[in-house]
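What follows is a set of notes on a single structure, which appears directly below.
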Amino acid sequence: MLRLSWAGFRERWTLFAGAVLTVCLGVALVQSSLLLLVSASTTSAPAGAGALARMSFDASTEAAVALLGVTLGFAALLAVFIISSTFAFTVEQRRRELALLRLVGGARRQIRRLLLAEATLLGLVGSALGVPVGVALMGVQTWLLHRLGFVPDGFSGQWRLWIVAVSVGTGVVLAVVGVSLAARRAARVRPLDALRDTGEATRVMTTARLLTGLLFLAGAVTLIGLSPVGGAVGGQAMAMNVSVCAAIALTLLGPSLVPAVARLIPARAAGVLGGLATANLRDDRRRTASTAAPVIVLVGLVLGQASASSSFTAAGQLEQQRRISADLVIDAPGPTGDRVTTTPGVASASTEVEVPIALTTGSGDLAYTRSATALLVDPAGYGRTHPGAGDLTALRQGAVVAGPGADGFSPGDTVGVRVGDQDLGSLPVVAAVPQAIGGGATVLLPAGVVPAEQLADVPSHTFVQLLPDVSRQQAVSTLTEVGTVSDLDSWLERDSVARTATSTGVLIMVMGLGGLYALIGVINSVVVAGATRPREFAAVRVTGFTRGQVVRAAVLESIMVAFAGLLLGLLAAAGTLIGVIATTAAVAGTVTVDVPWLLVGAVVVGTVLVTAVTSALTTRAATRQPPVALLGARQ
Amino acid sequence: MQSDTVIALEGVSRTYGAGPTAVRAADGIDISFRRGSWTAVMGPSGSGKSTLLHCAAGLERVDAGRVMLGDTDITTLDDDELSQLRRTRIGFVFQSFNLVGALTAEQNVALPLRLAGRRPPRAEVRNALAAVGLGERAGHRPRELSGGQQQRVAIARAMVTRPEVLFADEPTGALDTGAARDVLRLLRASADNGQTIVMVTHDPAAAARADAVVFLRDGRIVDRLAGADVRAVADRLVALEA
C-alpha cells in the first residue's frame with residue numbers, strides 16, 4: 001500500500017502540493033506559537049528590578065501567554081479546517097482513480113488505508129518543511145510581539161529539541177484527521193463510477209454536514225441574542241465570536257448556499273463565456289463550495305473581528321466622553337499632589353494613578369490570584385469628575401471599590417490585594433462604579449495606600465475642572481509646570497487607543513497570521529480546482545473556444561465564486577456587527593458601529609484579485625497542451 | 001445446473017428509475033456460460049448489454065433473480081466479499097483501459113494480487129505481460145504506451161489472477177483495426193486455453209471471433225447464433241435495429 005501511495009504521490013504532486021503547503025504552514029504556525037508560549041511562560045523578570053516593575057513584567061508576560069494561547073488555538077483550528085477541506089477536495093478529485101482500484105478488487109478498507117497512508121506521507125513531508133518555516137515564522141512573531149509591546153525587551157523565543165517531535169506529530173495527526181472523513185466517504189465510491197467519465201456525483205450536502213452547519217448557525221444567533229445581557233466584557237467576547245460561528249456555519253452550508261448566491265450575479269450578460277461560467281459553477285457544487293470556503297473564513301473572521309474591535313474602541317471613547325466631566329487633563333510622572341488644586345482658577349481636580357496589583361478572588365480552595373490593575377484615587381475628586389460613579393464615600397483605607405473593568409466580584413465580596421511587595425490583605429468591596437466598554441482598572445483604591453515615593457515614576461493623570469470665569473489659556477500655562485496638559489477630547493482619544501492597544505495587537509497578531517493562512521487556502525483551492533480540469537477545458541476547446549476564451553471563462557467563474565464567498569463572509573461579519581449593536585446599546589446606552597471601510601475594501605479587492613490571477617495562471621497551465629492530445633489520452 | 005457451467009443468470013431483472021420514465025434494462029434474463037466458451041453480447045444501444053454484464057459481474061444490484069458464479073450466489077454478497085471476488089475470481093477489460101496512470105505496466109498487472117495481500121514473484125507478473133507481447137514494456141507508464149498496448153496491459157491485469165470469468169466491455173471500441181486484431185487474437189487464444197469470456201460489443205468483426213453471439217433487445221435475449229461469420233452477425237444486428 002505504501003508503495004502505491006508513493007507512486008500516486010510522485011505522479012500527482014501538483015495536486016498534493018497544495019495539501020503539503022497547508023500542512024507545512026499549519027505546522028509552522030503551531031510550532032512557532034507553542035515555542036513562544038513556552039518561552040514566555042518560563043521567562044522571569046530581570047534581577048534587581050523593583051517590586052512594582054517585577055509586577056508589571058509578570059503582568060505583561062501573562063498577557064503575552066494569554067495572547068499566544070489564543071494564537072495557538074486559532075492556528076490549530078484553522079489548520080484543522082483548511083487542511084481537512086484541502087484534503088477532502090484532493091480526494092474528491094481522484095474519485096475515478098479510487099473507483100478503479102475498487103474495480104480491480106480493492107476493498108473499502110484498503111481504499112481508506114491507502115488514503116491514510118498518503119496523508120501520513122503528506123503529513124511527514126509537510127512537517128519536514130514546516131519545522132524550518134516555523135523557525136523563520138518565530139522570528140516574525142517575536143518581532144510582532146516586541147513591536148506591539150506584549151513582551152519586555154530582551155525576550156526571545158527559545159528553540160527546544162523536543163519541538164521537532166511535536167511538530168512532526170502535529171503535521172501527521174492534522175493530515176490524518178483531515179483526510180479521515182474524506183477517506184470514509186471516498187471508500188464508499190462504487191466501482192462502476194470508474195467506467196463513467198464524469199461519475200455519478202456524490203451528494204455533497206450530507207445530513208451530518210447540514211446538521212452541523214445549522215448547529216453553528218444556531219450558535220451564532222444565540223450569541224447575538226445573549227450579547228446584550230453579557231455585560232461589557234462578556235458582550236464583547238460574544239459579539240466577536242458571532243462571526244467565527246457564522247463563518248463556519250456558512251462554510252458548511254456552502255454547497256447549497258454558494259451556487260444560489262452566485263446565481264444572483266448577472267453573468268449571463270457577459271454572453272456565452274458568462275453562461276459557461278455560471279453553468280460550470282452550478283454543475284460542480286463541491287468545487288464551488290471548496291473554493292468559496294476559505295474566502296468565507298477569511299472575510300468573515302478578519303472583517304468581523306476588525307469591525308467589532310474598532311466599534312468597541314469608538315464606543316469606549318464616546319462612553320468616557322459622556323462620563324467624565326473635566327476641562328483639562330494633566331499627564332505627569334507620579335501623583336501631582338496639591339500642586340494642581342492650589343493653582344488659581346482650578347475648581348477641583350482628581351488625580352488617578354494606575355498600578356499593577358495581584359488580585360485574589362474567592363477563598364479557601366477556590367482562591368484564585370491573577371494580575372490586575374488598581375486605580376489610586378481621591379474618592380471625593382473622583383466623584384466630582386465622574387458624576388455617574390455613585391457614592392464612593394465608603395472608599396477609605398482598608399476597602400476597595402469595583403472598578404470599570406471589574407470582573408468576577410461585586411460589592412459585598414472580599415478580595416485580596418497585593419501592590420508590589422506590600423500585601424494589603426483581604427479588603428471588602430464596598431461599592432462599584434459602572435462597567436465600561438473600554439475596560440479600565442479592576443479596582444479603585446484610596447490614594448494613601450501606596451507610599452508616594454514608590455509612585456514617583458509611575459505615570460498619573462489628573463482631571464481638572466476650572467472655575468467658570470477663568471481664562472483657560474492662563475490656567476494651561478500655569479499647569480504646564482506640573483505636566484503635559486491636554487484638553488479632554490484629545491486626551492480621551494489617545495487613552496482609548498492605548499487602552500485597546502492590547503485587543504488591537506491581538507487582532508493584528510492572530511488575524512494577520514490567520515488571514516494569511518486563509519489566503520493561502522484560497523490560492524490553494526483555486527490551483528487544485530484548475531489543475532484537475534485539463535480534460536474538461538480540452539472538451540470546451542474542441543467545440544470552438546479559443547484558449548483565451550477558456551481562460552476568460554474560468555477566471556470569470558472564479559471571480560463569481562469569490563464574490564459569492566465574499567457575500568457570505570460579509571454576512572458572517574455582519575452577524576458580529578449585530579452583536580456589537582446589541583452590546584453597545586445595552587452597556588453604553590447608544591449604538592456605536594465603526595466599520596473599517598479601508599480594510600473591507602482592501603480585503604474585497606485583494607480576494608478577487610488573488611482569485612482571478614491564480615485562476616488565470618492555472619487555467620493557462622492546464623490548457624498548454626493541444627486539446628486533441630488530452631481528449632485522445634485514455635488510461 | 002450443468003457441471004461445466006461457470007456462471008449463470010437466473011431470471012435477472014433490473015429497472016432504472018421509476019414511474020413513466022422507468023427503463024427495464026434487464027427483463028427476466030436466463031443465460032448460462034460454459035467453461036472455456038467465448039460469448040459475445042450484442043444489441044442496439046439501450047438494449048441492456050452493459051446492464052447484463054454489470055449484473056453478471058456483481059457491479060450492479062439486481063432487482064430480481066440470482067447470479068450464480070460456480071456455487072456462489074453473488075447477489076447475496078456484501079461489499080467486501082464482492083471486492084474479494086473481483087480480485088480473485090473475476091477479471092475485467094473495458095473500452096477505456098482503466099489503468100492506474102501513476103503505476104507502471106508491471107505494477108498495474110500486479111495490483112489485483114497485491115490487493116489480495118500477495119507479494120507476487122516478479123516472474124509471474126513478467127510472464128503475464130510477456131503473454132500479451134509486452135515483456136519489454138514492463139517499466140512503462142500507461143501514457144507512454146499506445147492504445148493497443150494499454151489494452152493488452154489491461155488484459156494481462158485481468159488474467160493474472162486466473163479468473164473463472166473474464167468480462168470484456170467493448171474491448172476493441174477505442175482501438176484501430178490493427179490493435180483491435182491483436183486484442184481479439186489474444187482473447188481467442190485464452191478462450192482456446194479454457195478461459196471463459198463474456199464480451200459486450202458493437203463490432204460484428206469482434207463478435208464473429210467469439211464462439212457464440214447472444215442478441216438483446218429491450219432487456220431480453222431475442223436470439224443466439226453459434227459459429228456465425230461477420231456478415232451473418234451484421235445482418236442479424238441490422239434486422240434487430242430496424
Side-chain angles (χ1 to χ4, degrees), chain A residues 1-16 90 93-115 117-118 121 184 186-200 532 534-535 625 629-635, chain B residues 50-51 53-54 57-61 78-104 107-117 119 141-147 150-151 153-154 157-158 160-161 163 167 169-170 173-175:
Chain A
M1 270 299 137
L2 207 66
R3 222 173 93 197
L4 191 61
S5 300
W6 178 240
F9 185 61
R10 250 186 345 186
E11 172 77 8
R12 317 192 63 159
W13 70 270
T14 43
L15 189 59
F16 293 123
T90 45
Q93 295 297 321
R94 297 165 61 209
R95 240 180 111 63
R96 190 161 182 273
E97 182 189 323
L98 298 174
L100 199 61
L101 281 177
R102 298 271 287 125
L103 197 59
V104 292
R108 289 183 172 160
R109 198 169 6 95
Q110 288 175 310
I111 302 287
R112 273 205 301 275
R113 277 218 307 267
L114 170 75
L115 290 172
E118 255 174 31
L121 215 57
R184 284 186 68 81
R188 265 183 255 140
V189 66
R190 299 186 331 144
L192 264 185
D193 288 343
L195 304 180
R196 303 190 177 117
D197 248 359
T198 43
E200 208 173 301
T532 50
R535 263 184 94 118
Q625 275 179 290
L630 283 168
L631 291 177
R634 283 177 166 273
Q635 287 179 349
Chain B
S50 291
T51 302
L53 193 82
H54 293 159
L59 292 173
E60 190 81 76
R61 186 172 62 73
D78 69 18
D79 192 82
D80 276 346
E81 290 165 328
L82 282 173
S83 298
Q84 197 151 8
L85 199 76
R86 286 197 292 275
R87 68 169 98 104
T88 49
R89 299 174 66 185
I90 289 179
F92 293 103
V93 178
F94 298 98
Q95 176 175 6
S96 50
F97 320 118
N98 284 331
L99 299 177
V100 180
L103 300 180
T104 62
Q107 288 168 332
N108 261 292
V109 172
L111 198 54
L113 298 173
R114 300 200 49 134
L115 285 171
R119 201 165 270 282
R141 302 259 165 105
R143 79 175 94 79
E144 297 159 342
L145 300 171
S146 72
Q150 288 188 53
Q151 190 61 301
V153 173
R157 181 177 68 185
V160 76
T161 58
F167 291 103
D169 194 351
E170 302 276 10
L175 302 179

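Protein chains get the first letters and strands the later ones, always in sequence-line order, with residue 1 at the start of each. Predicted model only: the values in this text are computed from it and were never measured.
Side-chain contact check for B:Ser83 and A:Arg108: no donor-acceptor pair (N or O, by modelled atom type) lies under 3.5 Å. At a cut-off of 3.5 Å, with distance as the only test, a side-chain donor of B:Arg87 or A:Gln110 sits close to an acceptor on the other residue.
For the residue pair B:Leu115 and A:Gly106, the shortest heavy atom distance occurs at CD1-N, 3.5 Å. Across all non-hydrogen atoms, the minimal contact from B:Phe94 to A:Leu103 is CE1-CD2, 3.1 Å. Closest approach of A:Pro191 to B:Leu59, counting heavy atoms only: CB-CD2, 3.7 Å.
The side chain to side chain contact (heavy atoms under 4.5 Å, CB included) test with A:Val104 is passed by exactly one of B:Leu113, B:Leu111, B:Thr161, B:Asn98: B:Leu111.
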Query raised in the report: Step by step, would you call B:Arg61 with A:Arg190 a side-chain contact (heavy atoms from CB on, under 4.5 Å)?
Result: CA-CA 11 Å; B:Arg61 186 172 62 73; A:Arg190 299 186 331 144; over 6 Å; no
Query raised in the report: Which is it for A:Arg102 and B:Asp79 under the salt bridge (charged side-chain N to carboxylate O under 4.0 Å, His left out) test, yes or no, and what are the steps along the way?
Result: CA-CA 10 Å; A:Arg102 298 271 287 125; B:Asp79 192 82; 2.8 Å; yes
Report task. Take A:Leu192 and B:His54, measure what side-chain contact (heavy atoms from CB on, under 4.5 Å) needs, and give me the verdict at the end. Result -> CA-CA 8 Å; A:Leu192 264 185; B:His54 293 159; 3.5 Å; yes
